[in-house]
Trainee: 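Just passing along the structure, written as structure tokens.
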Number of protein chains: 2
Amino acid sequence: MNAQIGVIMSRWLSTEEMQERILEAADRLFYRQGIRAVGVDTIADEIGISKRTLYNYYPSKDALIAAYMSRRLVTLEITDRPPLDQILGAFDGLDRSIAAKRFRGCAFVNAVTELGEGTPEAHKLAITFKENRRLWFRELLSRLGVEDEDRLATQLAILLDGAIATALVRGNSAMTGAAKEAAALLIVSATKKKRKR
Amino acid sequence: MNAQIGVIMSRWLSTEEMQERILEAADRLFYRQGIRAVGVDTIADEIGISKRTLYNYYPSKDALIAAYMSRRLVTLEITDRPPLDQILGAFDGLDRSIAAKRFRGCAFVNAVTELGEGTPEAHKLAITFKENRRLWFRELLSRLGVEDEDRLATQLAILLDGAIATALVRGNSAMTGAAKEAAALLIVSATKKKRKR
DNA sequence: TCTTGACTACACCGCCCTGTGTAATTACCT
DNA sequence: AGGTAATTACACAGGGCGGTGTAGTCAAGA
């Protein structure tokens, strides 16, 4: 066969690099086709290694799932751009993700749906992810100087998640503009309230 | 065994009643545990009939899934209550659903997530469901006399779906109030705009 | 009483999945 | 040159699933 690719790779790649290579493939397949729908063999085939080798780097599929979700748990950064731009930019980012044609909704919400209550780690990671983004909104709103930034951050997070779910079902990004507009209106309304006091 | 229940039932129940009885159990299990996670045997056991009998009423699991989703596709009714009450009442209804402790998110979004692109019927039913609710919002907004009711209906639908997704992940209904408030603010803002013209 | 139709229990098929066991192969290191 | 560690192909166990085949049971109607 044309095989033994893994043998060659393993000489050039460190353990961490192999894990990352596996994880990258798992991420792509899990996100696109669903965690339950993708078998370990499929992931191994995807990068041209044997299933046996994959189990040398991850002891179980559950470990792979946990690593997959941890990898998606990126820390959101706050730049020195205007806070309002950053907030509304999140909706533009969603729009671009949908347009990129690999969109399958929120990986964390999907994981909770697919795995159910039987996997508390996934559930915790999903909560953490959502809360991180809400706090990211809140910090930016705080810098904007709005009133009741905690509640407003929740509302923005709801809008974003709603746009994600809607885009998943409808299969297009026609509604991101409306969501962004609603977000802007809520923020403007809150800043006006603040000014009045 | 204590069995032969199905035999007894089939003498008393018509074909439609048996189908409904099966479907009710399938609905409960599919929604709670997920479509892929529930086997046909489990559904049959749940109502005390044999798998063989179940296949006499539904030719395949796919047919059962389609019936499950069709059953969830209820037509939303518009009453003579004030339109604003009905709109905001949708958020209260969500709050009650979550509190009822059987909440597992939106059945249609979950079906799209679980079944993927391989089941276009489910996808179509999900789109229909979401669009029905959006049009329900739009009709009520139209009766309210707001400006740009189509876009506002989209925004309200996004808010509701976002609240559903957030509640699914967080496991509580702490955010429905914020979603409802945002909805109210968007509507009030639209009515003010109308008044100004 | 006898026939008919629905249901049951149970076995079974074929498929897919996670995970492991094994012997052979390969490349690097001493 | 020989040893070592990783990888490979392959088989297989164990389990679940969707779906079917079959022989027997039971109640209703003629």
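Proteins get letters first, then strands, A, B, ... in listed order; numbering begins at 1 in each. Predicted model, so just to flag it, every value in this text is computed and none were measured.
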Trainee: Using whole Å, report how far OH of A:Tyr57 lies from P of D:dA5.
Mentor: 14 Å

Trainee: In whole Å, I'd like the distance from the CG atom of A:Asp45 to the C1' atom of C:dC17.
Mentor: 14 Å

Trainee: In whole angstrom, what separates A:Tyr58's OH from D:dT7's C1'?
Mentor: 18 Å

Trainee: Sequence neighbours left out, what pairs pass salt bridge (Lys or Arg N to Asp or Glu O under 4.0 Å) with at least one residue falling in residues 95-112 of chain A?
Mentor: none

Trainee: side-chain contact (heavy atoms from CB on, under 4.5 Å) with B:Tyr58: which residues, sequence neighbours excluded?
Mentor: B:Gln19, B:Ile22, B:Leu23, B:Leu64, B:Ala67

Trainee: So which of residues 27-38 of chain A are in contact with DNA chain D, with a heavy-atom cut-off of under 4.0 Å?
Mentor: none

Trainee: Which residues pass the ring-ring contact (aromatic ring centres under 6.0 Å, His included) test with A:Phe91, sequence neighbours left out?
Mentor: none

Trainee: Applying salt bridge (Lys or Arg N to Asp or Glu O under 4.0 Å) as the test, list every pair that has at least one member in residues 56-78 of chain B; sequence neighbours left out.
Mentor: B:Glu20-B:Arg71, B:Asp27-B:Arg71, B:Asp27-B:Arg72

Trainee: According to the salt bridge (Lys or Arg N to Asp or Glu O under 4.0 Å) rule, which pairs have a member within residues 34-48 of chain A, sequence neighbours left out?
Mentor: A:Arg28-A:Glu46, A:Asp41-A:Lys51

Trainee: A:Leu54 has an atom CG; how far is it from atom P of C:dG19, in whole Å?
Mentor: 10 Å

Trainee: Report yes if some heavy atom in the side chain of A:Leu186 is under 4.5 Å from a heavy atom in the side chain of A:Leu159; otherwise report no.
Mentor: yes

Trainee: Using whole Å, report how far CG of B:Leu64 lies from P of D:dG18.
Mentor: 10 Å

Trainee: With the side chain of A:Ser50 defined as its heavy atoms from C-beta on, choose the nearest nucleotide among C:dT8, D:dT8, D:dA6.
Mentor: D:dT8

Trainee: Tell me whether the side-chain N/O atoms of B:Asn56 come closer than 4.0 Å to OP1 or OP2 in C:dC7.
Mentor: yes

Trainee: Would you tabulate the nitrogen or oxygen pairs shorter than 3.5 Å linking the protein to nucleotides 19-21 of chain D?
Mentor:
unit_1: D:dG19; atom_1: OP2; unit_2: B:Tyr55; atom_2: OH; d: 2.9
unit_1: D:dG19; atom_1: OP2; unit_2: B:Lys61; atom_2: N; d: 2.7
unit_1: D:dG19; atom_1: N7; unit_2: B:Lys51; atom_2: NZ; d: 2.8
unit_1: D:dG19; atom_1: O6; unit_2: B:Lys51; atom_2: NZ; d: 2.6
unit_1: D:dG21; atom_1: N7; unit_2: B:Arg52; atom_2: NE; d: 2.8
unit_1: D:dG21; atom_1: N7; unit_2: B:Arg52; atom_2: NH2; d: 3.1
unit_1: D:dG21; atom_1: O6; unit_2: B:Arg52; atom_2: NE; d: 3.2

Trainee: Report the residues that fulfil side-chain contact (heavy atoms from CB on, under 4.5 Å) with B:Ser97, sequence neighbours left out, ordered by chain and then residue number.
Mentor: B:Phe103

Trainee: Which pairs count as salt bridge (Lys or Arg N to Asp or Glu O under 4.0 Å) when at least one residue sits in residues 119-146 of chain A, sequence neighbours excluded?
Mentor: A:Lys130-A:Asp161, A:Glu131-A:Arg134, A:Glu131-B:Arg170, A:Arg133-A:Asp161, A:Arg134-A:Asp150, A:Arg138-A:Asp150, A:Glu139-A:Arg143

